[in-house]
Amino acid sequence: MSTAGFSVVSVTAVVVVTLAVGAYGWRFSRTTSDFFVASRTVRPGLNASAIGGEYLSAASFLGVAGLVLAFGTEMLWYPVGWTAGYLVLLVLVAAPLRRSGAYTLPDFAESRLESRGVRRLSALLVVAIGWLYLMPQFQGAGLALASTTGTGPWLGGVLVATVVLVNVLFGGMRSITFVQAFQYWLKLTALLFPLLFMAAIWLGDGAVSPASVDVVDPARPGDSWVSPLAGGEHEVYTTYSIIIATFLGTMGLPHVVVRFYTNPDGAAARRTTLFVLALLGLFYLLPPVYGGLGRLYAPDLVATGRAESVVLELPSRMLAGTAGELLSALTTAGAFAAFLSTSSGLTVAVAGVISQDVMGRRFGGVRAFQAGAVVAVLVPLGLALVTEGVGVAQAVGLAFAFAASTLCPLLVLGIWWRRLTDLGAIAGMLVGGGCAGGAVLATLLGVGPEGWGGALLSQPAAWTVPLAFLTMVTASLATPRRVPPHAARTMVRLHTPESVQLDRGTPPR
Amino acid sequence: MSETARRVRVTSPRTSAARAQRVPPAREIDAQTRLGEVYMSSLVRSQLRLALLALTALAVFVGGIPLLFWLVPDLSDVEVLAVPLPWFLLAFAAYPFLLLVGWLYVRAAERNERAFTDVLDRS
């Protein structure tokens, strides 16, 4: 069988297993509360695997290795930032968010600030961030299928979108912590197992350091490949902008926030997050090694602009014959697990918000949710087919910058600062979202200027995040009479341990 | 010493005077009194201080890396265990460090909450 044949088999297997488990879970969970009640019995280890499975997306599985291959050490800031984002989430948000009793971010915003307006705006932002994050998942799927089976670049995206949609429409995926947990370990195995063979070959070849070769690109000799700063003129600014976007953007991702309600209490939310931190650290040790080995064994991928497929192609290049093809098929299967788990989590989160906050009450609950799911998948799929030129990791980076400039200030100030007002929150989200959104659009459309302007637009977080915080604080201080009447009671709910008997006001719903 | 041994008869306790009543802190918090605010703000402040401490450690030890290499570019040539220093820091060393900060944070945050619970349960 050819490489393409093995890949088709492995992708089919992942898709079938996902659909089968989804259909199996359909019988168990008819309502949202089924899911949450079931989750209360989930141990932190399993819960953390599920969160990790959902969080590790196409950008982590394919993008990191490709970026490291093409650009070098500076791109390690992405995996470090995505992990550090969970640490920031742990110390600032995890326990209070669980204690708030909110399922979604708009729920949290409404109950904290006691305002419908804030709820609507944050719902719009959640949808926008979800779409921005779904788009590269579909793109990555197209890329993966194209590079292993030679189909058109759109097929993989359509395939993933269809599977996700079928699963979500029939209610399966979301309810099953086991699928997501399984997919974390599948992704880890799919990277680790081939790596053992490849490392043996690399040692046999004399263990040449990837930093010592500079054949990849004459403009980027080994010396610059090792530097932890982004190349180009504004390297310090760009690097810090990536750091701010990833460190602070994680907490604003829709599918991350939803997961916190599955913990029994605030203390368990913290422990689960710590567990996730360990699982992410373990996983992110692997993709950079693919990038480094790719520099030695598949340098031509950079010149042909296919660096992101290094994870998929490297095993069959380093190992001759069927063994290499089987291992390549394994990494392809892992990649599809990444697309499916992340897209499913995002689709459910976005569909929930669309059905609840955008479509209003005209439809019934389940109908509205299904209609929301269709919209949630089709829009980013269309975007993915239109904007093919944007790299997977770059698009994900923009989603993080946008989340960091809008929902991060809302969460952080909402949890820690009692004097936040609804007008302040709205002003901050509009300013941060407007600036970051404009920069994202300019980058996606490719109309950014050169020089400093281009650097500011392509990595906006370093100026939009402080601006959003500043606006939110200033506008709140200017409207002191609009401090929510029950702010003190809400703070009691957010911060006190559940074991203490206290009046915590009414949680959302 | 008959004077000191003289008995004093207590006729009645001063029932009409207000006795110092101990209000449980939980009720102070529920009633949102000034004292309740003090209990709450001491908890929130201690947790915030802890969070900021963890974030400072993150900002200095991880966020400081680009600045360090920008100021001292020659550090890129240093090798640790045959791996270039930047690669060693970002691909391997960063993750155990993040986990360590997270672990210390969780321990300290739970200690803060226990202290708060103790204060509320004691009375």
Side-chain angles (χ1 to χ4, degrees), chain A residues 68 72-77 79-81 83-84 86-88 90-92 95-96 207 209-211 223-230 235-236 239-240 243-244 247 266-267 270-271 273-274 277-278 280-282 284-285 288-289 292 416 418 488-489 491-492 494-497 499-503, chain B residues 24-27 29-32 36-37 39-41 43-44 47-48 50-55 57-59 62-63 65-70 73 75-77 79 82-87 89-92 94-99 101-103 105-106 109-110 112-114 116-117 119-121:
Chain A
V68 169
T73 311
E74 79 216 37
M75 290 301 160
L76 292 174
W77 281 113
V80 169
T83 315
Y86 256 94
L87 179 62
V88 177
L90 168 67
V91 304
L92 286 179
S209 165
D223 195 29
S224 147
W225 191 78
V226 165
S227 165
L229 292 168
E235 51 179 18
V236 176
T239 310
Y240 274 107
I243 290 176
I244 289 174
F247 281 31
R270 273 199 211 105
R271 286 169 180 230
T273 315
L274 190 61
L277 212 52
L280 293 183
L282 184 65
Y284 282 132
L285 292 175
V289 183
W416 296 104
R418 238 178 71 176
R489 190 80 70 202
M491 292 308 254
V492 172
L494 292 180
H495 291 284
T496 55
S499 59
V500 190
Q501 293 290 319
L502 284 172
D503 178 4
Chain B
R27 218 185 299 157
I29 293 175
D30 284 348
Q32 299 189 358
E37 297 278 294
Y39 284 124
M40 269 316 293
S41 68
L43 172 70
V44 174
Q47 297 288 46
L48 184 61
L50 183 63
L52 292 179
L53 191 67
L55 292 182
L58 180 67
V62 181
I65 293 176
L67 202 60
L68 183 68
F69 281 90
W70 183 59
L75 275 178
S76 296
D77 300 332
E79 292 200 343
V83 177
L85 182 60
W87 184 276
L89 288 177
L90 292 182
F92 307 116
Y95 301 109
F97 174 76
L98 295 176
L99 192 61
V101 174
W103 181 65
Y105 167 81
V106 169
E110 290 186 350
N112 282 348
E113 285 180 354
R114 252 196 317 278
F116 178 78
T117 315
V119 168
L120 264 67
D121 286 348

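Heavy atoms only: backbone and side chains are in, while hydrogens, waters and symmetry mates are out. Each chain gets a letter, A, B and so on, in the order the sequences are listed, and its residues count up from 1.
Taken from OH in Y284(A) to CG in L98(B), the straight-line distance is 12.0 Å, to the nearest 0.5 Å. Distance check: N112(B) CG to H495(A) NE2 gives 12.5 Å after rounding to the nearest 0.5 Å. Separation of atoms CE (M491(A)) and CD (E37(B)) is listed at 10.5 Å; rounding is to 0.5 Å.
If you measure heavy-atom distances from L55(B) to chain A, the contacts under 4.5 Å come from the side chain alone. Of the two parts of L90(A), the backbone and the side chain both hold a non-hydrogen atom closer than 4.5 Å to a non-hydrogen atom of chain B. The part of L43(B) that comes within reach of chain A is its side chain, from C-beta onward, which places non-hydrogen atoms under 4.5 angstrom from that chain. Of the two parts of L87(A), only the side chain, counted from C-beta on, holds a non-hydrogen atom closer than 4.5 Å to a non-hydrogen atom of chain B. Of the atoms belonging to T83(A), heavy atoms from both backbone and side chain fall under 4.5 Å from chain B. Contact of A91(B) with chain A is made through backbone and side chain together, with heavy-atom distances under 4.5 Å. Of the two parts of T273(A), neither the backbone nor the side chain holds a non-hydrogen atom closer than 4.5 Å to a non-hydrogen atom of chain B. The parts of F92(B) that come within reach of chain A are both its backbone and its side chain, each placing non-hydrogen atoms under 4.5 angstrom from that chain. Both the backbone and the side chain of P79(A) come within less than 4.5 Å of a heavy atom in chain B. Both the backbone and the side chain of R489(A) come within contact range of chain B, with heavy atoms under 4.5 Å apart.
Here the closest non-hydrogen pair linking Y95(B) and G281(A) is CD2-CA, 3.6 Å. Of all heavy-atom pairs spanning L277(A) and G102(B), the tightest one is CD2-CA, 4.4 Å. W103(B) and L274(A) get closest at one heavy-atom pair: N-CD1, 3.4 Å. Counting all heavy atoms, side chain and backbone alike, T73(A) lies closest to W87(B) at OG1-CE3, 3.8 Å. For the residue pair Y105(B) and V91(A), the shortest heavy atom distance occurs at OH-O, 3.2 Å. Looking at every heavy atom in both residues, S499(A) comes nearest to T117(B) through OG-CG2, 3.8 Å.
Looking only at side-chain heavy atoms (C-beta outward), L58(B) and F247(A) come within less than 4.5 Å of each other. Within the 4.5 Å cutoff, no side-chain heavy atoms of Y39(B) are placed close to those of V492(A). Residues M40(B) and T496(A) are in side-chain contact: their nearest non-hydrogen atoms beyond the backbone lie under 4.5 Å apart.
Under the 3.5 Å distance criterion, the side-chain polar atoms of Y240(A) are matched with a main-chain donor or acceptor of G63(B).
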